[in-house]
There are 4 protein chains.
Amino acid sequence: MPRSPQQNQAIREKRIQQILEATLKVYRERGYHRAEIGEIARVAGLGRGLIYYYFKDKQDVFLTLIRRSLEEWKRYAEAILQLDLPAGERLKMYLKEFCHLCLEYPDMTYFHQSVTRDLNIIFPDQVEEVMGYYEEGMWKPVRRVIREGVESGELREISPDMAERVFFSVVMGAFAPDYTIAENQVDDLVEAALYGLIPERK
Amino acid sequence: MPRSPQQNQAIREKRIQQILEATLKVYRERGYHRAEIGEIARVAGLGRGLIYYYFKDKQDVFLTLIRRSLEEWKRYAEAILQLDLPAGERLKMYLKEFCHLCLEYPDMTYFHQSVTRDLNIIFPDQVEEVMGYYEEGMWKPVRRVIREGVESGELREISPDMAERVFFSVVMGAFAPDYTIAENQVDDLVEAALYGLIPERK
Amino acid sequence: MPRSPQQNQAIREKRIQQILEATLKVYRERGYHRAEIGEIARVAGLGRGLIYYYFKDKQDVFLTLIRRSLEEWKRYAEAILQLDLPAGERLKMYLKEFCHLCLEYPDMTYFHQSVTRDLNIIFPDQVEEVMGYYEEGMWKPVRRVIREGVESGELREISPDMAERVFFSVVMGAFAPDYTIAENQVDDLVEAALYGLIPERK
Amino acid sequence: MPRSPQQNQAIREKRIQQILEATLKVYRERGYHRAEIGEIARVAGLGRGLIYYYFKDKQDVFLTLIRRSLEEWKRYAEAILQLDLPAGERLKMYLKEFCHLCLEYPDMTYFHQSVTRDLNIIFPDQVEEVMGYYEEGMWKPVRRVIREGVESGELREISPDMAERVFFSVVMGAFAPDYTIAENQVDDLVEAALYGLIPERK
DNA sequence: GATGAATGAGTCTTCATTCAT
DNA sequence: GATGAATGAAGACTCATTCAT
């Protein structure tokens with residue numbers, strides 16, 4: 001008695017989820033090269049061969065994980081960044097939300113930090129493609145708002161590129177693997193990112 | 001007639017340098033796991049076996065590279081941080097110097113950024129030891145000055161830990177593999193790190 | 001449709017047997033260090049990687065071979081040594097049976113002789129463990145009977161330790177690699193071991 | 001100022017001795033394959049290359065060690081075995097002397113025991129040659145006396161081959177790596193070898 | 001859809017041997 | 001005679017990927 005197409009589709013989606021979640025866990029502990037497919041299968045509670053039923057190869061698993069999670073984040077981010085508020089306010093909200101999610105999903109946080117840094121190693125032949133995903137899901141939404149802020153005079157007069165860079169650096173640095181800020185430090189961090197370390201200029 | 005001990009010592013030191021420099025290059029292109037010893041040897045212009053003559057194993061090559069470069073940097077950093085200037089000034093000098101060196105030695109910069117992020121993967125059994133090297137060579141010298149600055153009121157009233165984190169995050173973020181600032185952006189970056197993105201608080 | 005657990009278990013057991021038997025053959029011709037895993041796999045008719053699927057490493061293959069064969073021998077030996085006969089008779093039976101088996105399975109014979117001699121070289125970190133297997137499977141069953149024989153006056157009045165040693169030495173020596181006794185010499189050997197070289201004492 | 005031929009000869013002989021002694025020590029701890037030339041040189045207190053000045057290759061070192069030590073033993077053994085005494089007495093003296101030397105030079109004892117067992121592994125192409133050295137230095141001198149003893153009725157009526165085998169087995173077995181008899185057990189051992197385990201035949 | 005046994009290419013590492021000095 | 005730096009062939013081990021069931 002074969003399954004209905006709907007049942008099959010549901011199974012497919014569920015399996016893919018299992019695999020991607022297991023990938024995240026294993027990657028966190030082992031990094032890309034030592035994240036064995038067999039271990040991912042084991043953690044997902046599936047047979048090893050099934051991964052190759054749903055994905056072309058190891059890279060494809062990771063590529064899919066990146067693509068899916070960025071699409072989701074993009075929707076989330078744009079909901080915040082398109083609110084009807086001053087640019088600075090929206091950035092602050094975004095920053096805080098970002099921090100809270102990082103704290104809630106540390107494996108995902110580590111994954112993206114690490115992967116972005118090692119793109120050319122993990123995807124030597126698809127660097128452009130993957131960078132495109134990040135550009136689209138992570139940078140572009142914020143970039144627009146920063147530009148608005150700089151143009152409207154709300155943000156300091158440095159180049160938007162630089163502002164963007166500083167903005168993200170502070171955030172990413174707050175979730176380094178050997179040091180993660182605590183929930184109650186988020187506000188301070190956001191302050192520091194937006195207003196700097198030194199209070200006044202002469 | 002055999003070589004003198006001095007001659008041998010000179011050869012040894014030279015070879016170790018060759019190997020470490022080759023390691024840096026290969027790591028930049030391949031990352032830890034794909035940085036094959038054979039490739040490192042080839043780039044160094046040496047036989048594969050020689051690496052094992054000078055180093056216990058692959059990890060030891062990397063450990064030595066970390067240790068040596070941090071020792072050197074520590075001497076350099078302390079020379080700046082112990083000048084007779086206000087804390088803010090010293091930090092600014094340090095930041096700029098750091099940026100210039102990052103720009104001058106991009107392979108070394110990438111190496112340390114990447115390695116610190118993947119400590120538990122590259123050195124699963126020596127995380128503590130390696131973190132100790134970074135603590136000693138990178139963090140401790142700056143930490144003292146930041147604390148001074150916070151205590152003297154020169155820096156904004158956030159916890160020194162946080163200040164330290166922000167400070168380093170900005171710097172490190174400026175040298176991400178897919179985006180490195182240009183020489184003439186250094187001053188802007190330093191400004192942004194120290195005075196933040198938003199000029200005035202209400 | 002996947003294989004049933006029973007089918008898998010059967011395959012596993014069969015493969016392990018194949019590997020252990022191949023190990024015995026290759027060891028006989030090459031010794032431990034030159035017994036390459038690749039050659040063992042070839043002789044077993046399997047892929048090289050499969051050995052690492054069933055065993056942790058090369059040592060583990062040998063350890064398993066030792067453990068399994070000694071367990072089997074132990075059962076066999078105890079069946080003889082617990083018969084209701086005088087100690088001397090039981091030892092004679094045991095000796096003869098031992099000799100016959102040595103002649104029937106010369107690779108196994110060579111294996112144990114050689115391995116026991118080189119324990120500290122083959123298993124530098126598990127000498128104790130492996131010696132324990134031999135103690136349990138080989139020595140202990142005989143030791144009990146020898147002690148009985150000495151206590152009952154059936155055996156000459158030397159220390160049981162020494163008797164045990166002589167007993168085994170003779171047996172083992174009869175199967176040296178460059179000289180193995182023939183089937184029809186077994187009785188003579190047993191005689192000589194039990195009654196010595198010189199017929200009478202003054 | 002070059003050395004005289006005599007000085008050179010003396011140096012040569014001394015170096016060869018150093019190397020052979022070091023070989024014995026290292027072999028004891030590591031076995032043939034793990035007995036590295038570099039380690040032998042280190043233990044001998046010489047440079048690694050010097051070994052290849054005095055010996056053709058690794059095998060040659062071991063071959064020389066075997067040849068030299070057997071020549072020496074042969075002279076020693078024959079002095080005993082040609083005394084004007086009954087065969088049984090001479091064998092007993094020989095046995096005791098053998099045991100004492102084994103206890104005095106345990107590395108040499110282990111060496112010969114182990115090497116004879118692994119001839120075909122260590123010298124795959126020179127088995128015959130090396131077996132010849134053992135035949136000449138170890139077996140032949142004793143064999144003659146055993147034959148005399150059997151013919152004169154002094155030894156039990158088993159084949160001389162078998163007697164020879166038992167004789168040596170007992171001796172060799174007494175110096176297994178995990179069990180070596182003590183000085184004061186030598187007499188018991190000799191007794192057991194010559195008179196067996198069971199005192200009387202019905 | 002699902003499983004896990006099977007394979008072999010790719011790497012690290014060891015070590016006998018050579019050779020410039 | 002003597003040294004130790006240098007080499008590369010050989011072997012253990014890992015792991016992505018395939019495939020019979």
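Letters A, B, ... are given to chains in the order of the sequence lines, protein chains preceding strands, and every chain is numbered from 1. Note that the coordinates shown come from a computational prediction; the quantities given were computed from them, not determined experimentally.
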Under 3.5 Å for both donor-acceptor distances, Watson-Crick or wobble: does [N] have a partner, and if so which one?
{"N": "E:dA20", "value": "F:dT3"}
{"N": "E:dT14", "value": "F:dA9"}
{"N": "F:dT14", "value": "E:dA9"}

Count the heavy atoms belonging to other residues, nucleotides or ligands that lie under 6.0 Å from CD of D:Glu129, then report whether that count exceeds 12.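 Check passes, neighbour count above 12.
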Mind checking D:Ala35 for me? I need base, sugar-phosphate or nothing, with any heavy atom below 4.0 Å counting as a touch.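 Contact class for D:Ala35: sugar-phosphate only.
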Would you find a donor on one side and an acceptor on the other, under 3.5 Å apart, between the side chain of C:Ser114 and the backbone of C:Phe111?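 Not confirmed, C:Ser114 side chain does not pair with C:Phe111 backbone.
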Donor-acceptor under 3.5 Å (B:Lys25 side chain, B:Ala44 main chain):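 Not a single qualifying donor-acceptor pair exists.
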For the pair made of [atom1] in [X] and [atom2] in [N], what is the distance, rounded to whole Å?
{"X": "A:Asp60", "N": "F:dT17", "atom1": "CG", "atom2": "P", "result": "10 Å"}
{"X": "C:His33", "N": "F:dC13", "atom1": "NE2", "atom2": "C1'", "result": "16 Å"}
{"X": "D:Arg42", "N": "F:dT3", "atom1": "CZ", "atom2": "P", "result": "14 Å"}
{"X": "C:Ile122", "N": "F:dA12", "atom1": "CD1", "atom2": "C1'", "result": "16 Å"}
{"X": "B:Ile40", "N": "E:dT11", "atom1": "CD1", "atom2": "P", "result": "12 Å"}
{"X": "D:Ile51", "N": "E:dC15", "atom1": "CD1", "atom2": "C1'", "result": "13 Å"}
{"X": "B:Lys58", "N": "E:dT11", "atom1": "NZ", "atom2": "P", "result": "9 Å"}
{"X": "B:Leu50", "N": "F:dT7", "atom1": "CG", "atom2": "P", "result": "6 Å"}

Start at the 5' end of DNA chain F and walk down; is the nucleotide closest to C:Tyr32 or to B:Arg15 reached first?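 Here B:Arg15 is the residue nearer the 5' end.
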With nearest nucleotide decided by heavy atoms, which residue, A:Lys56 or C:Gln7, maps closer to the 5′ end of DNA chain F?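 The residue whose closest nucleotide sits nearer the 5' end is A:Lys56.
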Taking only the P atom of each, what is the distance from F:dT21 to E:dG1 in whole angstrom?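 Those two atoms are separated by 22 Å.
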I want to check one thing: is the phosphate of F:dT3, taken as OP1 and OP2, less than 4.0 Å away from some side-chain N or O of B:Asn8?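 No, outside the criterion.
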Are D:Tyr53 and F:dA2 close enough that a side-chain N or O sits under 4.0 Å from OP1 or OP2?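 Answer is no, no contact under 4.0 Å.
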Counting side-chain heavy atoms from C-beta on, which of [options] comes nearest to [X]?
{"X": "B:Glu36", "options": "F:dA20, E:dT11, F:dG1", "result": "E:dT11"}
{"X": "C:Tyr52", "options": "F:dA12, E:dT21, E:dA16", "result": "F:dA12"}
{"X": "D:Ile37", "options": "F:dT21, E:dA16, E:dG4", "result": "E:dA16"}
{"X": "D:Tyr54", "options": "F:dA2, E:dT11, F:dA6", "result": "F:dA2"}
{"X": "D:Arg48", "options": "E:dA6, F:dA2, F:dA6", "result": "F:dA6"}

Report yes or no: is the cationic atom of A:Arg15 (NZ for Lys, CZ for Arg) under 6.0 Å from the centre of the six-membered ring of A:Tyr54, at an angle within 45° of the ring normal?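 Not flagged: A:Arg15 not positioned over aromatic ring of A:Tyr54.
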Charged N to carboxylate O below 4.0 Å: is that the case for D:Arg28 and D:Glu21?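 Not counted as a salt bridge, because no side-chain N and carboxylate O are separated by less than 4.0 Å.
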Taking NZ, NE, NH1 and NH2 as the nitrogens, is one of them in A:Lys58 or A:Glu39 under 4.0 Å from a carboxylate oxygen of the other?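 Salt bridge absent between A:Lys58 and A:Glu39.
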Want to settle it: does A:Ile11 or B:Asp57 sit nearer the 5' end of DNA chain E, counting the closest nucleotide to each?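 Looking at DNA chain E, the more 5' nearest nucleotide goes with A:Ile11.
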